[in-house]
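Side-chain atoms are counted along with the backbone in the values below, which use heavy atoms only and exclude waters and symmetry mates. Predicted, not measured: the structure shown is a model, and the values here were computed from it.
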Amino acid sequence: MQGYLKFKETDEELYEVDVPKKPSGNWLQQLAYFLTCTYLNLIVKIKKWFHIITVKEIYLGLIFILPISNIENSEQKQLKKCIPKVKRLMQKYHVQQIVLAEELRQNEVFLQEFQNNRKVEKEVHILDGTEIMPYLIKDIVAYISQKQGKAPELEDVYLLIKNEDYRYRDNIVFLAQHFKTVNIVTTSLKTYQKFAKQLEEKQDIIVTVTNNKKKSLKRAKWIINFDLQTEEMKKYTINRTAIIIYLNKQGIYEQNNFEGLHICQAGIDVSQEIKEFFEKEHLLNQCSLTILYESTIKKGQNFRKVIEGLQKDEVKVKQLYGRRGILTDKEYEKNEGY
């Protein structure tokens, strides 16, 4: 089960029934309307007093609505009282992953308390926008290439891979169809050499496979780190002006002389239909659109199916995030002279 945790935007969100329209004319109908409103307002006050979470079911899962509007001032104390109740509800409904309102996701005090699991509690995965990154590689390269006035289809990309994963293979095939060359740099040489041979024989797709730590990435402009950790990346000689796209948030390349670009996350835009769905549920104003869309991708879904879904939903990269926030046009221009 998937969950969404947000603040209330209006008191009406805490009602658990639809609010009737105010009648005109019949005094009995007006009295019924008055009594209903009085009852609903009382329910809201009770929820605020006793920190009761409103649970709403939607197509994608469950929305947990906090009876407060933000973290500021006195409401921070109320939030702390709400956290245990949210966690119990997530356990009750078997919530395995959750989308948090950005104000919650960026608040270290909340995260520490929220992730402070007792032994009886299962850890809940907090979506953060990184799981959509494997499906956006082509679009990210195209986005930056456009900024730099270059043709993405003429670029050579280098994939840093350690593990053997069938999902990587689908991605490799997809990338090989959109770029000039795809080069796999891996410690699993035999596995990927065999895979490369199969691609050439069955699909006439050519990819190179190597693991020369001194030479493989020395002149590479586009590097996609699939799953290497920081210490593992340090073993390679990497072009100091490269553009590194990270699919693994634990594997950031750290060298003082590196002058290239770190691409850690992407901000996306989607079709109006998708935005209207999230807006209707009062999620769009509080949650990252990238993370909201990421929550629609089913785990274990075929790579091609996800790509087709992105195309259908008009997913486009609108901004990129480095290690210190949104990358500016000046930063792309600075990297242009490679």
Tell me if a side-chain donor or acceptor on [X] pairs with a main-chain N or O of [Y] at a distance below 3.5 Å.
{"X": "Asp269", "Y": "Lys316", "value": "no"}
{"X": "Ser271", "Y": "Glu314", "value": "no"}
{"X": "Glu103", "Y": "Asn70", "value": "no"}
{"X": "Gln265", "Y": "Tyr321", "value": "no"}
{"X": "Gln301", "Y": "Val306", "value": "no"}
{"X": "Glu131", "Y": "Glu294", "value": "no"}
{"X": "Ser188", "Y": "Thr191", "value": "no"}
{"X": "Lys87", "Y": "Asn116", "value": "yes"}
{"X": "Thr290", "Y": "Ala266", "value": "yes"}

message = Classify the ring geometry of Tyr143 against Tyr332: parallel below 30°, tilted from 30° to 60°, perpendicular beyond 60°.
response = perpendicular
task = For the pair His262 and Tyr246, name the ring-plane relationship: parallel under 30°, tilted 30 to 60°, perpendicular over 60°.
result = parallel
Co-membership, hydrophobic cluster, residues Ile223 and Leu247, 4.5 Å side-chain = no
message = Looking at Arg167, I'd like to know if its CZ atom is crowded, meaning that more than 12 non-hydrogen atoms belonging to other residues, nucleotides or ligands lie closer than 6.0 Å.
response = no
query = Just wondering, more than 12 heavy atoms not from Asn257 lying within 6.0 Å of its CG?
reply = yes
inquiry  = Run Thr187 and Asn211 through side chain to side chain donor-acceptor pair (under 3.5 Å) and show every step you take.
reply    = CA-CA 6 Å; Thr187 52; Asn211 194 40; 5.6 Å; no
Taking all atoms of both residues into account, what is the closest heavy-atom pair of [X] and [Y], and its distance?
{"X": "Ile161", "Y": "Tyr192", "value": "CG2-OH, 3.5 Å"}
{"X": "Thr210", "Y": "Asn212", "value": "OG1-N, 3.4 Å"}
{"X": "Ala196", "Y": "Val207", "value": "CB-CG2, 3.6 Å"}

ask   = Can you name the one residue among Lys180, Lys150, His178 that meets side-chain contact (heavy atoms from CB on, under 4.5 Å) with Glu155?
value = Lys150
query = Do you know which of Leu14, Ile53, Leu5 makes side-chain contact (heavy atoms from CB on, under 4.5 Å) with Ile65?
reply = Leu14
Does the side chain of [X] come under 3.5 Å of the side chain of [Y] through a donor N or O and an acceptor N or O?
{"X": "Glu12", "Y": "His282", "result": "no"}
{"X": "Asp128", "Y": "Thr130", "result": "yes"}
{"X": "Tyr293", "Y": "Asp313", "result": "yes"}

salt_bridge(Lys197, Glu200) N-O dist < 4.0 Å = no
